[in-house]
Amino acid sequence: MKKELIFMKPTFSHTIWGGTALRDVFGYDEPGDDIGECWGISAHPQGDDLIDGGSYAGLHLSELWDRHREIFGGVGGDRFPLLTKIISAREDLSIQVHPDDEYAGIHENGSLGKMECWYVLDAEPGSRLVVGHNAQTREELIDMIDGGRWNDLIRHVDIAPGDFVQINPGTVHAICGGVTLLETQQNSDVTYRLYDYDRLSGGKPRQLHLQQSKDVITVPSPDASDMIIRDDSDEQIARLITCEYYEVCRISCSGGMSASFDKPFMLMSVVDGEGAVDSHPVKKGAHFIVPAGYGTLNMSGEMKLIASSLP
C-alpha cells in the first residue's frame, strides 16, 4: 500500500512591495492588495503551514517533522531543512544579502544561514533582477556603500520566464517589480537589508543592516553567468541544480507520466497548469510532500512542477 501524499495549506506574507497576483493568478484565498509571498511548504516559526487533509490534517509541518520523522526518511536535524515560496513583486524588493550558517549561528541566535534559488515563473517584458555587485575589493565595496553609490555598486541582469538563479550566501540580490518566481531555500528568514530606495513604512524608513552586509558580502562577486541558467530542456524531468543543501528539478507533465525518486522525501509545487497526482486533482498553486518510500508517482494532465529535495 502506498503512503499518502501530504498536501499543504500555505501561509502568506504581506509586504510593502506585494500586490494581488498571488490571488488573481494562483487563486489563493488571501485578502489584501499587498500579498508578497506564499509560503507553500514551510515549517518556519514565522510561517508554519498546516497539513491540508489526510491522516495528519491540522498538524503544523513542524509538528509532523518532530513527531513522524519516518515520513522524511528518518533524516536528522532539529528543524525541517527546506522552505518553498512563491514570490510575486508588484514593486522592487529591497537589495539584500544573506549570511551563511556559521555567521548566522553566531550572530542570529543559532539560526541557519540562507542559501536559496529562484525559478522565474512570470516576468513582464524588460524585467530584471539584482544578482551580484560591481565592487572588485572589500575596500571598494565599503566605499560604495558608505558613499551611497548604489548605481555603481548594484548589478542588474535581464531575465525571462524559465530562468533559474542560484543565490549563494554572500550574494547581493533583489527581486524586481513585475517578476513572479518560486524560491527554494534553507529554512531561514535571516535577511540583511542593504538598500531600500529610501522607502517609508509606517512613516519611517525600514531598518538597514549595513555592517552585517559588509561582513558577509562576497567580494568580488561571481559572474552572473555562473549563477543563472536557462531551462530550455525538453526533458520531462530536468535537474536544475544540486548543491550542499538542496536539489531542484523541473517536471513537465503533458498527458501522463510516472516518476520515482530515491530521496528521503520530495517537495512538489505545481507552478502551471492542472492535472492529477495519483488521483488527487491539483492545479497551479498546489504544494505537497512525497514521503519516504512512496514509490512511483503517477501524474496526468498538462502541468509544470518544481520539485526539491535534500541533495
Side-chain angles (χ1 to χ4, degrees), residues 37-38 40-41 81-89 92-93 95-98 100 113-134 154-188 191 217-254 257 259 261-263 266-273 284 287 303-311:
E37 300 181 347
C38 165
I41 305 176
L82 301 176
L83 200 165
T84 299
K85 299 177 180 177
I86 297 176
I87 302 174
S88 186
D92 292 354
L93 275 69
I95 295 170
Q96 52 194 241
V97 64
H98 303 307
D100 60 16
K114 190 176 178 186
M115 180 179 285
E116 65 186 40
C117 59
W118 301 334
Y119 189 94
V120 179
L121 303 176
D122 192 24
E124 296 175 0
S127 291
R128 303 186 301 172
L129 297 171
V130 172
V131 181
H133 63 84
N134 296 316
I154 301 306
R155 185 172 70 196
H156 286 89
V157 296
D158 296 329
I159 50 93
D163 285 345
F164 177 82
V165 188
Q166 170 72 0
I167 304 291
N168 289 334
T171 302
V172 174
H173 63 279
I175 302 167
C176 299
V179 176
T180 299
L181 53 80
L182 183 134
E183 177 175 291
T184 302
Q185 59 161 97
Q186 287 181 267
N187 185 7
S188 170
T191 294
I217 289 173
T218 299
V219 184
S221 181
D223 290 339
S225 60
D226 294 333
M227 295 183 277
I228 302 174
I229 67 168
R230 176 72 187 162
D231 176 27
D232 53 10
S233 167
D234 57 4
E235 295 179 294
Q236 285 185 319
I237 302 177
R239 183 172 60 84
L240 300 167
I241 195 166
T242 300
C243 65
E244 181 180 356
Y245 298 103
Y246 47 72
E247 181 170 295
V248 179
C249 299
R250 184 267 302 139
I251 300 173
S252 295
C253 176
S254 181
M257 63 176 292
F261 307 95
D262 60 357
K263 303 296 184 180
M266 297 289 295
L267 310 184
M268 299 274 195
S269 297
V270 182
V271 296
D272 196 23
K284 184 177 185 175
H287 305 268
M303 56 184 178
K304 179 188 290 186
L305 303 90
I306 301 298
S308 59
S309 66
L310 297 179

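Just so it is clear, the structure is predicted and the values come from calculations on it, not from any experiment.
Rounding to the nearest 0.5 Å gives a distance of 6.5 Å between CG of D223 and CZ of R155. Rounded to the nearest 0.5 Å, atoms OG (S269) and CD1 (I306) are 8.0 Å apart.
In this structure the side chain of I175 reaches within 4.5 angstrom of the side chain of L129, judged on heavy atoms. In this structure, M227 and V157 have side chains that are not in contact, with every pair of non-hydrogen atoms separated by 4.5 Å or more. A heavy-atom distance below 4.5 Å is not found between the side chains of D272 and L121. The side-chain heavy atoms of S308 and T84, taken from C-beta on, include a pair separated by under 4.5 Å. Within the 4.5 Å cutoff, the side chain of F164 has no heavy atoms near those of the R250 side chain. In this structure, T218 and N168 have side chains that are not in contact, with every pair of non-hydrogen atoms separated by 4.5 Å or more. Residues M268 and I41 have side chains not in contact (no heavy-atom distance under 4.5 Å, counting atoms from C-beta outward). Residues Q236 and S252 are not in side-chain contact: their nearest non-hydrogen atoms beyond the backbone lie 4.5 Å or more apart.
Residues V97 and V172 approach most closely at CG2-N, 4.3 Å, considering heavy atoms. A pairwise comparison of heavy atoms in G177 and D92 identifies N-OD1, 2.7 Å as the closest pair. H287 and G40 get closest at one heavy-atom pair: CB-O, 3.5 Å. Closest heavy-atom contact between P311 and Y246: CD-N, 3.6 Å. Of all the heavy atoms in V248 and C117, the pair that sits closest is CG2-SG, 3.8 Å. Pairing each heavy atom of A89 with each of L93, the nearest pair is CB-CD1, 3.6 Å.
If you check the side chains of E235 and S233, you find a donor sitting under 3.5 Å from an acceptor.
Among residue pairs with one or both ends in residues 156-165, those qualifying as side chain to side chain donor-acceptor pair (under 3.5 Å) are D163-R230; sequence neighbours excluded.
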Intermediate values then yes/no, side-chain contact (heavy atoms from CB on, under 4.5 Å), H173 and V165:
CA-CA 10 Å; H173 63 279; V165 188; over 6 Å; no
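Looking only at distances, no side-chain donor or acceptor of N187 sits under 3.5 Å from a matching main-chain atom of L83.
Checked against E116 for a side chain to side chain donor-acceptor pair (under 3.5 Å), the options H98, Q166, Q186 give a single hit: H98.
Every residue was checked against the salt bridge (charged side-chain N to carboxylate O under 4.0 Å, His left out) condition with K304, not counting sequence neighbours, and none meets it.
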